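Structure, as structure tokens:
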Amino acid sequence: MKGFADCVRFNDVGCWDQDIPQPQIEVIMYRKILVPLDGSAKAEQAVPVAIGLARRSNAEVHLMHCLDFVSLPPAETSTDWMHASACSDAELYLQSVAAPIASTVRVSVHTCSEESDAASAILNESNRVGYDLVIMTTHGRGVFDRAWLGSVADAVVRQSPIPVLLLRANPHEALRGEEPFRHVLLPLDGSSLAERMFKPAVMLARANSARLTLLQIVHPWVMAVRPMAHAPHAANLREVAVEKRSAEAEEYVSGLAMSVDPQLKDVASDVLVAELSDAAEILKYAAAHAVDVIALASHGRSGLKRLVLGSVADKLIRGADIPVLVLRPTE
């Protein structure tokens, strides 16, 4: 499968050939946004973010609550009574969240409840209705805590066919209001799978009138043979290799940036020579450049050509204090 990099053409001096028609990435606006709720204040922190995005995109917001009756007692009469009570409570809860929105904000809000385990219900609903985006909170506990997401969000991220915007739940205050995102960062590794995240990232940036930065990380060249690694010229070889890789990466991301829909005005590209791990470098870059959302695919190339995706996505989601937009691209 060819990626964008396979189609990029440069002239003899290594610059983008302006005479060659550049493919434009046409991006539509959001139409339907799904917000799963579990009745907690933490989950409801996703609602203002969805409302703000819907206002700027003229989209619908769908609030969803899942009813899992696995733990109900086996007695038929008791089960029927509890079932009816739970359904009624779910509807009242959703209306209590939706009513203030409908009365104060010009956003179309819909509610639905599903009788299934939460992860399955969210995935089935997103496939059935045709949403553009799922927004939900997570309960990340730090970079080194493997219980970083919870079973529901974990399953949704790993199986959802549409992008999922993960927001780190704040136990003390509202996560963020309806204010737009200002800077979207998209790490790339040169693969066609990673480029599947390009369109969702552009869509998010365009909906927020945000800056979009395409970032590629370059790793220093390491001599595999010990005698060569200590040779007098080894340092020069590494420097030359880094320069060459950086130049190639800059051509790639700058060429990709030029294909963005002209309606998105603020698009930049950057190349970073890694000193730390990929996830650490991305988080460090995000903090230094006022990035407020990171967009990335959850799977990329494997082996030596994997730079910033795959397991790195897990580390970013665990370690990022800012929202992360995730997509699991298929082959």
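Keep in mind it's a predicted model, so treat the numbers as computed, not measured. The residues of the chain are indexed from 1 along the displayed sequence.
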Examine distances only and state if a side-chain atom of [X] and a backbone atom of [Y] form a donor-acceptor pair shorter than 3.5 Å.
X      : Y      : answer
Ser120 : Asp117 : no
Ser126 : Leu123 : yes
Arg168 : Ala320 : yes
Arg328 : Val156 : no

Looking at [atom1] of [X] and [atom2] of [Y], how far apart are the two atoms once the value is rounded to the nearest 0.5 Å?
X      : Y      : atom1 : atom2 : result
Thr137 : Leu37  : OG1   : CG    : 8.5 Å
Leu53  : Leu133 : CG    : CG    : 6.5 Å
Met203 : Leu212 : CE    : CG    : 13.0 Å
Leu325 : Leu186 : CG    : CG    : 9.0 Å
Ile122 : Leu34  : CD1   : CG    : 7.0 Å
Leu256 : Gln216 : CG    : CD    : 10.0 Å

**Request:** Give the C-alpha distance, both sets of side-chain angles, the deciding distance and a yes or no for salt bridge (charged side-chain N to carboxylate O under 4.0 Å, His left out) between Asp132 and Arg31.
**Result:** CA-CA 7 Å; Asp132 304 300; Arg31 296 161 299 181; 2.9 Å; yes
**Message:** Would you say that more than 12 heavy atoms from the other residues, nucleotides or ligands in this model lie under 6.0 Å from the CZ of Arg56, or not?
**Reply:**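 Yes, CZ of Arg56 has more than 12 neighbouring heavy atoms, counting only those of other groups under 6.0 Å.
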**Prompt:** Is the number of heavy atoms from other residues, nucleotides or ligands under 6.0 Å of Asn58 CG greater than 12?
**Reply:**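 Open.
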For residues [X] and [Y], report the shortest heavy-atom separation together with the two atoms involved.
X      : Y      : answer
Leu316 : Val324 : O-CG2, 4.4 Å
Cys112 : Leu94  : O-CD1, 3.3 Å
Asp292 : Pro180 : OD2-O, 4.4 Å
Ile322 : Ala286 : CD1-CB, 4.3 Å
Met136 : Pro36  : CB-CD, 4.1 Å
Glu281 : Ile217 : CB-CD1, 4.1 Å

Does some side-chain heavy atom of [Y] sit less than 4.5 Å from a side-chain heavy atom of [X]?
X      : Y      : answer
Pro187 : Ile294 : yes
Asp270 : Leu214 : no
Arg106 : Arg55  : no
Leu166 : Pro323 : no
Leu185 : Val293 : no
Val134 : Ile162 : yes

**Prompt:** Passes side-chain contact (heavy atoms from CB on, under 4.5 Å), Leu165 versus Phe181? Steps please.
**Reply:** CA-CA 12 Å; Leu165 181 61; Phe181 297 113; 4.0 Å; yes
Do we see a donor-acceptor contact under 3.5 Å between the side chains of [X] and [Y]?
X      : Y      : value
Thr213 : His289 : no
His62  : Tyr131 : yes
Ser113 : Glu91  : no
Asn208 : Arg182 : no

**Request:** Please lay out, stage by stage, how Leu63 and Val109 fare under the test side-chain contact (heavy atoms from CB on, under 4.5 Å).
**Result:** CA-CA 7 Å; Leu63 306 178; Val109 182; 4.0 Å; yes
**Message:** I'd like to check the side-chain contact (heavy atoms from CB on, under 4.5 Å) partners of Ala121; sequence neighbours left out, ordered by chain and number.
**Reply:**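 By the side-chain contact (heavy atoms from CB on, under 4.5 Å) rule, Ala121 matches Met64, Cys66, Glu114, Ser116.
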**Asked** For Ala59, what residues pass the side-chain contact (heavy atoms from CB on, under 4.5 Å) criterion, not counting sequence neighbours?
**Response**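 For Ala59 the side-chain contact (heavy atoms from CB on, under 4.5 Å) partners, ignoring immediate neighbours, are Tyr30, Ile33, Ala54, Ser57.
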**Request:** Carefully, step by step, assess Val35 and Val61 under the rule side-chain contact (heavy atoms from CB on, under 4.5 Å).
**Result:** CA-CA 7 Å; Val35 182; Val61 173; 4.2 Å; yes
**side-chain contact (heavy atoms from CB on, under 4.5 Å) between Leu188 and Leu215, intermediate numbers included** = CA-CA 6 Å; Leu188 295 164; Leu215 176 69; over 6 Å; no
